[in-house]
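What follows is one structure encoded as structure tokens, with my remarks underneath.
Within every chain, numbering begins at 1; the chains are lettered A, B, ... in the order of the sequence lines, protein sequences first and strands thereafter. These numbers were taken from a predicted model, which means no experiment stands behind them. Atom set for the values below is all heavy atoms of this structure, side chains included, hydrogens, waters and symmetry mates excluded.
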There are 2 protein chains.
Amino acid sequence: MSPRKTAAETRHTRQRILDLGLVLASAEGLEGLTIGRLAAELGMSKAGVIGHFGTKESLQLAVIDAAAELFVREVPERARGVPRGLPYLRAAGDAWISYLERDLLPGGCFFTAAAAEFDGREGPVRDAVVRMSAFWQRELRVNIWRAVSLGELPPDTDIDQLLYEIVAIMLALNHFRQLHGDVQAPARARRALERLL
Amino acid sequence: MSPRKTAAETRHTRQRILDLGLVLASAEGLEGLTIGRLAAELGMSKAGVIGHFGTKESLQLAVIDAAAELFVREVPERARGVPRGLPYLRAAGDAWISYLERDLLPGGCFFTAAAAEFDGREGPVRDAVVRMSAFWQRELRVNIWRAVSLGELPPDTDIDQLLYEIVAIMLALNHFRQLHGDVQAPARARRALERLL
DNA sequence: CCTACCGATCGGTAGG
DNA sequence: CCTACCGATCGGTAGG
């Protein structure tokens with residue numbers, strides 16, 4: 001009867017926009033993501049694209065959410081069921097390296113790119129990136145703490161120092177892989193992580 | 001006689017453009033750097049700005065050169081005269097941390113930001129960023145090799161692994177400082193570096 | 001170095 | 001979801 005799309009079709013279109021937005025934003029940045037380009041590549045009008053989100057900023061926030069979903073699916077979900085503490089840290093670290101190694105997004109780790117892009121700015125987009133980054137670091141920190149409590153790591157472990165060094169390994173993996181095309185970077189990351197844990 | 005500017009004045013204007021361009025690009029990215037904004041903040045016309053460079057891409061390349069000059073002045077120059085090998089690595093590492101700690105540019109390390117922005121693209125700008133990054137890493141690598149040769153580091157040292165971990169420390173310093181405002185990050189970087197060297 | 005201007009694209013809106 | 005349109009800004013040029 002009605003030419004209107006069903007709710008399911010609307011959701012599907014929205015997801016198509018976000019899937020492509022994630023790919024484009026990882027390569028060109030969240031600011032370089034434009035409504036016109038999304039529309040052209042999806043065979044839609046600009047109004048059709050932005051209608052799902054209202055403003056470009058809302059679109060950027062939705063893409064960040066989509067990136068977070070991808071990361072959660074690829075890293076913490078793969079360590080689910082593993083005992084908290086050192087085993088969890090090792091499983092999550094392996095999943096994290098594997099996630100970066102498989103190049104799921106053309107621009108590498110979405111959050112590394114977004115963090116570098118927005119660390120000098122202010123506003124809701126920066127805040128969302130900070131929130132996601134902080135959330136995952138809290139998750140790691142809790143597990144480091146537990147590993148120390150259980151005696152899986154030395155009692156004099158500096159928890160924030162170890163967290164710093166784990167994050168450093170992953171940032172470097174993304175850097176060497178994306179900028180220098182270094183195929184040995186995942187092996188280096190694994191070796192560095194083994195030494196820490 | 002002539003209303004034309006002298007060559008010295010022209011050079012001075014060009015340098016003013018580059019100085020501001022470096023500040024703006026570190027915060028908003030090399031792509032976010034616009035000719036119109038530079039012109040407005042310098043009280044010039046757009047034609048006056050772009051006339052010094054020809055195209056935006058040439059302007060971006062000139063800003064990269066200016067960033068390289070700043071880095072060289074702040075890091076390798078400060079380690080000049082220090083014996084090559086482990087002493088040089090320690091001096092350069094301290095200067096590098098100090099450079100990031102003093103927040104000389106509002107967006108943190110220019111090359112870290114530029115690397116993340118252009119690692120998913122192609123062209124002369126990306127190539128220039130890769131070249132600068134590779135140059136400095138070669139410098140570090142030579143000194144690691146020498147430190148091993150001189151017995152300052154263990155003979156079984158994996159040179160590229162150590163280089164990877166040094167770069168990782170600096171990437172993390174920039175990340176924690178810029179994104180999370182972590183004032184303890186420089187201390188963490190120093191501690192991690194001491195453990196490596 | 002300027003004014004004056006170009007076509008292209010930006011994010012976004014009105015109305016259907 | 002579309003067409004048609006808006007003002008603003010983009011990089012860049014002509015001519016002086």
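Residue pairs that meet the salt bridge (Lys or Arg N to Asp or Glu O under 4.0 Å) test with at least one member in residues 46-65 of chain B, sequence neighbours left out, are B/Glu31-B/Lys56. Each ring pair (Phe, Tyr, Trp, His ring centres under 6.0 Å) pair with one or both residues in residues 135-163 of chain B, not counting sequence neighbours, appears once here: B/Phe71-B/Trp136, B/Trp96-B/Trp136.
Evaluation of the side-chain contact (heavy atoms from CB on, under 4.5 Å) rule for A/Ala134 yields A/Arg138, B/His180 as partners, not counting sequence neighbours. Here B/Arg146 pairs with nothing under the salt bridge (Lys or Arg N to Asp or Glu O under 4.0 Å) rule; sequence neighbours left out.
Here D/dG11 presents its C1' atom at 13 Å from CG of B/Leu38, a figure rounded to the nearest Å. As a whole-Å value, the separation of A/His52 NE2 from D/dC2 C1' is 12 Å. When rounded to the nearest whole Å, the span between CD1 of B/Ile50 and P of C/dA4 equals 21 Å.
A donor-acceptor pair is defined here as one N or O able to donate and one able to accept, closer than 3.5 Å; such a pair exists between the side chain of B/Arg121 and the backbone of A/Glu28. Under a 3.5 Å cut-off, the side chain of A/Arg126 and the backbone N or O of B/Leu179 do form a donor-acceptor pair. When atom types are taken as modelled, the side chain of B/Glu152 and the backbone of B/Leu86 share a donor-acceptor pair closer than 3.5 angstrom.
Comparing D/dA14, D/dG12, D/dC2 by their nearest atom to the side chain of A/Ala47 picks out D/dC2.
In DNA chain C, stems built from 3 or more consecutive Watson-Crick or G-U wobble pairs, each with both distances under 3.5 Å, span C:1-16 with D:1-16.
Between the side chains of A/Glu139 and A/Asn143, no donor-acceptor pair is found at a separation under 3.5 Å.
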Quick one: which protein N/O atoms are closer than 3.5 Å to N/O atoms of nucleotides 7-10 of chain D? Pair and distance per line, please.
residue, atom, partner, partner atom, Å
D/dC10, OP1, B/Thr34, OG1, 3.1

